[in-house]
Amino acid sequence: MRKAAKIWLWCALALSAATTLLNAFSGRMLSVVIALAALAGLCILLFTERKAGYLFMCVCYLCSFINGLISGFTTDTNLAAAIIMSFIGSALIPVITYLFLRKDWQKLK
C-alpha cells in the first residue's frame, strides 16, 4: 500500500473516531455501534492490508446512511437536508479511500 493511502487511512481513523465520540455524547448509540464497526474495518484495511476491511467499512457506511435516513424521517428536520447530509457523511470516507486504493487494489490480500 502506498504511503499516501496509509496517511489518508490514519486521517480517516481520526475523523471516524471523532464522529464516534460526537455520536456517543449525543446519545446516538446505534450510530456509535455502526461507527465502531467502521473503525474496525478501517483498522483491518490499514494494519493487515485486506480488501475485506474496505468492504466491511463500506457496509458499515451504508448502514450509517440508512440510519441517517431513518433519523431524518422520525425527527422534525428537513427531509431533503437529512438525506443530503447523510449521503455526504456516509460516502466521503469510502470514496476518498477508494481513490487512494484503486491503483493498489490487486496488491491487497
Side-chain angles (χ1 to χ4, degrees):
M1 187 180 311
R2 296 170 194 228
K3 187 175 182 179
K6 288 186 178 188
I7 291 170
W8 162 249
L9 288 173
W10 278 106
C11 292
L13 277 171
L15 288 169
S16 294
T19 302
T20 304
L21 288 174
L22 288 172
N23 283 329
F25 288 127
S26 298
R28 293 178 277 204
M29 290 303 130
L30 181 57
S31 294
V32 170
V33 171
I34 293 170
L36 287 172
L39 278 169
L42 279 168
C43 287
I44 292 168
L45 179 59
L46 178 62
F47 299 121
T48 66
E49 297 185 5
R50 294 189 179 273
K51 294 176 186 176
Y54 177 76
L55 298 174
F56 184 67
M57 178 195 66
C58 288
V59 169
C60 291
Y61 279 107
L62 179 63
C63 292
S64 177
F65 176 69
I66 293 168
N67 184 40
L69 286 180
I70 292 170
S71 296
F73 284 124
T74 58
T75 60
D76 292 332
T77 60
N78 181 350
L79 184 59
I83 292 170
I84 291 168
M85 294 306 293
S86 183
F87 178 75
I88 291 170
S90 298
L92 188 65
I93 289 178
V95 169
I96 293 173
T97 302
Y98 170 75
L99 292 174
F100 277 105
L101 292 178
R102 66 182 171 190
K103 293 180 182 174
D104 295 328
W105 187 254
Q106 297 303 323
K107 296 177 187 174
L108 297 175
K109 301 172 195 168

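Residue numbers count from 1 along this sequence. The model shown is predicted, which means the values in this text are computed figures rather than measured ones.
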Practice task
Determine, stepwise, if the pair V33 / L36 fulfils side chain to side chain contact (heavy atoms under 4.5 Å, CB included).
Solution key: CA-CA 5 Å; V33 171; L36 287 172; 5.7 Å; no
I93 and M57: CA distance, side-chain angles, deciding distance, side chain to side chain contact (heavy atoms under 4.5 Å, CB included) verdict
CA-CA 9 Å; I93 289 178; M57 178 195 66; 4.1 Å; yes
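Taken together through direct or relayed side-chain contacts under 4.5 Å among Ile, Leu, Val, Met, Phe, Trp and Tyr, V95 and I66 form parts of separate hydrophobic clusters. Linking ILVMFWY side-chain heavy atoms closer than 4.5 Å, directly or via other members, places L55 and L46 in a single hydrophobic cluster. Linking Ile, Leu, Val, Met, Phe, Trp and Tyr whenever their side-chain heavy atoms come within less than 4.5 Å puts L108 and L13 in one cluster. Hydrophobic cluster membership is shared by W8 and W10, with clusters built from Ile, Leu, Val, Met, Phe, Trp and Tyr side chains linked at under 4.5 angstrom. Put simply, M29 and L21 are part of two different groups of oily side chains (I, L, V, M, F, W, Y) that touch within less than 4.5 Å, one to the next.
Atom CZ of F87 has 12 or fewer neighbouring heavy atoms from other residues, nucleotides or ligands inside a 6.0 Å radius.
Across all their heavy atoms, A35 and T20 have their closest contact at CB-OG1, 3.1 Å. Minimum interatomic distance between C60 and A37 (heavy atoms only, all atoms of both residues): SG-CB, 3.4 Å. Taking all atoms of both residues into account, the shortest heavy-atom contact from S31 to N67 is OG-ND2, 2.8 Å.
Counted by atom type alone, Y61 and S16 present one or more donor-acceptor pairs between their side chains at under 3.5 Å.
Remark: I7 CD1 to M1 CE distance equals 12.5 Å, nearest 0.5 Å. With values rounded to the nearest 0.5 angstrom, L45 atom CG is found 9.5 Å from C58 atom SG. Distance check: L42 CG to T97 OG1 gives 6.0 Å after rounding to the nearest 0.5 Å. To the nearest 0.5 Å, atom CD of residue E49 and atom CG of residue L9 are 9.5 Å apart.
Here the side chain of D104 pairs a donor or acceptor atom with the backbone of R2 at under 3.5 angstrom. In this structure a side-chain-to-backbone donor-acceptor pair under 3.5 Å is present from S86 to F65. The main-chain N or O of L15 is found under 3.5 Å from a side-chain atom of T19 such that the two form a donor-acceptor pair.
Annotation: side chain of L62 is not in contact with side chain of S90 (no heavy-atom distance under 4.5 Å). Under the 4.5 Å side-chain criterion, counting only non-hydrogen atoms from C-beta, L101 is not in contact with K51.
The aromatic rings of Y98 and Y54 lie tilted to each other, with the angle between the two planes from 30° to 60°.
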